[in-house]
Amino acid sequence: MLPSLAWVFLVGMAMAALCEKIRLPRIVGMLVTGILLGPYVLNWLSPSLLAISADLRKLALIIILLKAGLSLNLSDLKKVGRPAILLSFLPATCEVLAFVLFAPFFFGISRVDAAVMGAVLGAVSPAVVVPRMVALMEKKIGTDQGIPQMIMAGASCDDIFVLVLFSTFLGMAQGSGVHLLDFAAIPVSIALGVIIGAVVGLLLSRFFETAYSREHYVRNSAKVIIILGVSFLLMAIEEVLKGKAAVSGLLAVVSMACVLRIKSIDSVSNRLSEKFGKLWIAAEVVLFVLVGAAVDIRYTLQAGPMAILMIVLALLFRSIGVVFSVSGTSLSQRERLFSIIAYLPKATVQAAIGSVPLAMGLSCGPIVLSVAVVGILVTAPLGALGMDATYQRLLKPAKASLKLAPARKS
């Protein structure tokens, strides 16, 4: 496994640096590295590493979500509460609807199979979106309008909504029917995740305060390890309670980090955020290289131009959903355009569940996986490049971060 990890880090970083040189997002280089090193091209990654690939991707996602929670200003988020809620389900619903309407004509599949395909493709990628929103918050760009906070919150909930839809439509495709309780699990999952994370965050902050008052100071490095360990347990709760109660582990992690930020001194939360930012340098490479390794490039050739046309149509429907979500707000046309761009990329969820219908023996399995692969290859670079290239022109710097220009001498 060690030689495989060496390839992941060295080639992944080299390709990321090369992409930066030619003004492409780093993620493109990492995805290409994963595709090349993966089992479908060069096959240089050991089976033991690929066997734990899903867990490593989840670990990387936890790290960036912790950094996001420690950087999130809840007072800013309150300003854009309604749009954030709408962004958590409306764009995905519009995209799934596009697949239900058009995929049967493009691919000759049933409406139910089209719904399964839409659920696979409907999720935005928090792994692409969240790091960029965190960077915008650190640079104080768009924060006065709460844009990065709004997009980050919406994207985190969007995945939960889509995964519940996916399991529901998968059951319908297998002939088990649809149950209203499956849809009721969505708000329950969000609420329980937030509540459990907030309670754990309070307990952790009390523990850190008590240790400090008793002169047994917990170093920030030790806090990082403790917070990571607790985050793993929060993610495990989601699996333990599966089938009994719906809980979002990812939202629990973000909620815990938000509470820690509120209850900690600013300097402490900033230092913790900084440390998780340094961890993200390595985690980002692992995440996107392994996402690329999960992509079977052979299915891309099978999908053909119809898959690209379907994805373009679906993104158009998704964009309409984003427009409706931010309507009635004070956001300018440029800021709304940035919100649309930020909701384009797909990667992690598609890599995780794209092959499930095929593995379950569904007739739509091969075409669903084909379209999922094309979706990753088209939208991940498109969304990442779009955000990187447009944020300075479409978003406004926070007023507090603007520096006064020096007075001219007469």
Side-chain angles (χ1 to χ4, degrees), residues 1-22 24-65 120-121 123 125-128 130-131 159 228 232 235-236 239 250 278-303 345-360 365-366 368-381 383-384:
M1 186 189 293
L2 289 179
S4 296
L5 283 173
W7 289 125
V8 167
F9 284 115
L10 297 177
V11 180
M13 291 291 283
M15 289 290 283
L18 178 63
C19 282
E20 278 188 318
K21 285 278 187 185
I22 57 176
L24 283 174
R26 290 166 55 84
I27 178 182
V28 175
M30 296 174 198
L31 285 172
V32 170
T33 298
I35 292 170
L36 292 176
L37 296 180
Y40 306 109
V41 183
L42 296 175
N43 195 25
W44 286 3
L45 301 181
S46 70
S48 54
L49 177 63
L50 295 174
I52 61 169
S53 169
D55 291 322
L56 290 175
R57 295 201 302 265
K58 194 175 287 186
L59 168 61
L61 199 54
I62 287 170
I63 289 171
I64 191 56
L65 287 172
V120 170
L121 272 292
S125 175
V128 179
V130 172
D159 285 0
L228 271 176
F232 299 158
M235 293 297 295
E239 293 298 321
L250 290 177
K278 290 175 182 176
L279 284 177
W280 173 244
I281 294 171
E284 180 185 35
V285 181
V286 172
L287 176 60
F288 289 114
V289 171
L290 292 181
V291 165
V295 171
D296 189 341
I297 201 69
R298 296 171 299 179
Y299 284 107
T300 309
L301 302 175
Q302 293 178 15
K346 306 171 187 304
T348 38
V349 175
Q350 288 70 30
I353 67 175
S355 61
V356 171
L358 180 64
M360 297 181 75
V368 169
L369 182 55
S370 300
V371 178
V373 170
V374 175
I376 293 171
L377 295 177
V378 170
T379 65

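Worth knowing before you read on, the calculation uses all heavy atoms, side chains too, and leaves out hydrogens, waters and symmetry mates.
- Annotation: ring pair (Phe, Tyr, Trp, His ring centres under 6.0 Å) contacts of Trp7 (sequence neighbours excluded): Trp44.
- Within 6.0 Å of atom CD1 in Ile22, more than 12 heavy atoms from other residues, nucleotides or ligands are found, so the atom counts as buried in its surroundings.
- Considering every non-hydrogen atom in both Ala283 and Ile63, the closest pair reads CB-CD1, 3.8 Å.
- Closest of all the heavy-atom pairs between Gly29 and Cys19 is N-SG, 3.3 Å.
- When all heavy atoms of Val285 and Phe9 are compared, the closest pair comes out as CG1-CA, 4.1 Å.
- Minimum interatomic distance between Gly12 and Val289 (heavy atoms only, all atoms of both residues): CA-CG2, 4.2 Å.
- Residue pairs meeting the salt bridge (charged side-chain N to carboxylate O under 4.0 Å, His left out) criterion with at least one partner in residues 4-22, sequence neighbours excluded, are Glu20-Arg26.
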Could you go through Val286 and Leu59, starting from their C-alpha distance and side-chain angles, then the distance that decides it, and tell me whether this counts as side-chain contact (heavy atoms from CB on, under 4.5 Å)? CA-CA 9 Å; Val286 172; Leu59 168 61; over 6 Å; no
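- Under the side chain to side chain contact (heavy atoms under 4.5 Å, CB included) criterion, Pro3 pairs with no residue, sequence neighbours left out.
- When all heavy atoms of Ala347 and Ser125 are compared, the closest pair comes out as N-CB, 3.5 Å.
- Annotation: side chain of Val128 is in contact with side chain of Phe288 (closest heavy-atom distance under 4.5 Å).
- Here the rule is side chain to side chain contact (heavy atoms under 4.5 Å, CB included) with Pro39, and of Val41, Asn43, Leu42 only Asn43 fits it.
- Atom CG of Leu5 sits about 7.5 Å away from atom CG of Leu56, to the nearest 0.5 Å.
- Remark: the backbone N or O of Ile281 is not paired with any side-chain donor or acceptor of Glu284 at under 3.5 angstrom.
- By the side chain to side chain contact (heavy atoms under 4.5 Å, CB included) test, Val32 is found to be paired with Met15, Val28, Leu36, residues two or more places apart in sequence or in another chain being considered.
- Between Ser4 and Ser46 the shortest heavy-atom distance is OG-N, 2.7 Å.
- Considering only residues two or more places apart in sequence or on other chains, Ala293 meets the side chain to side chain contact (heavy atoms under 4.5 Å, CB included) condition with Leu45, Leu50.
- Heavy atoms of other residues, nucleotides or ligands lying less than 6.0 angstrom from CE of Met235 number more than 12.
- The main-chain N or O of Thr379 is never found under 3.5 Å from a side-chain atom of Lys346 such that the two would form a donor-acceptor pair.
- Counting heavy atoms from C-beta on, the side chains of Leu287 and Trp280 come closer than 4.5 Å.
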What donor-acceptor contacts under 3.5 angstrom involve side-chain atoms of residues 368-376, with partners at least two apart or in another chain?
| unit_1 | atom_1 | unit_2 | atom_2 | d |
| --- | --- | --- | --- | --- |
| Ser370 | OG | Tyr299 | O | 3.3 |
| Ser370 | OG | Pro366 | O | 2.8 |

